[in-house]
Amino acid sequence: ADWLRILRRLGLQTTIDSETFVTCARRVQRAHSEALAGQGGRTPDEVCKVALELTQYLVEHFARLHSTALCDAVADIAFVPVELPPVVEEDNSRRVAERQRKLELRRF
């Protein structure tokens with residue numbers, strides 16, 4: 001707890017407002033696009049973990065963050081991690097291929 005006080009005195013931001021949340025959501029969306037393109041130095045799964053933390057922050061602080069402006073701002077930003085089930089492709093009743101589960105980001 002002492003180290004938190006020290007970090008706060010040094011300017012560590014311990015809470016975020018709606019504007020900062022929207023900025024973070026945009027960064028997550030951009031980082032995911034870069035990761036899918038093999039850029040940015042992170043894998044899509046790593047970005048999805050960050051997206052999960054951001055989404056959890058929204059849920060935990062929804063009463064404080066919620067506003068029409070926030071909902072309008074994040075409506076078109078893909079920052080919510082979604083795990084898609086495996087896809088099975090069949091040809092004449094036999095399994096041809098099964099793609100693994102994957103994580104991707106969806107709009108709020």
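- Criterion: ILVMFWY side-chain heavy atoms under 4.5 Å apart, direct or through other members. Under it, Leu65 and Phe62 are part of a common hydrophobic cluster.
- Shortest non-hydrogen contact noted between Leu58 and Leu70 is CD1-CD2, 4.1 Å.
- Here the CZ-OG1 distance, from Arg27 to Thr20, works out to 9.0 Å after rounding to the nearest 0.5 Å.
- For the atom pair CD1 (Ile77) and CZ (Arg30), the distance works out to 10.0 Å, reported to the nearest 0.5 Å.
- To the nearest 0.5 Å, atoms CG (Leu52) and CG (Asp45) are separated by 12.0 Å.
- Taken to the nearest 0.5 Å, the CG atom of Asp76 stands 9.0 Å off from the CD atom of Gln29.
- The nearest pair of heavy atoms linking Val22 to Ala73 is CG2-CB, 3.7 Å.
- Closest approach of Pro44 to Leu36, counting heavy atoms only: CG-CD2, 3.7 Å.
- By the neighbour-count criterion of 12 heavy atoms within 6.0 Å, atom CD of Glu46 is densely surrounded, having more than that number from other residues, nucleotides or ligands.
- Nearest heavy-atom pair across Val28 and Leu54 is CG2-CD2, 4.0 Å.
- For the residue pair Phe79 and Ala51, the shortest heavy atom distance occurs at O-CB, 3.2 Å.
- Interatomic distance, Ile6 CD1 to Leu12 CG, rounded to the nearest 0.5 Å: 12.0 Å.
- Within the model, atoms CD of Glu60 and CD of Glu53 stand 10.5 Å from one another, a figure rounded to the nearest 0.5 Å.
- In this structure, Cys71 and His66 have side chains that are in contact, with non-hydrogen atoms separated by less than 4.5 Å.
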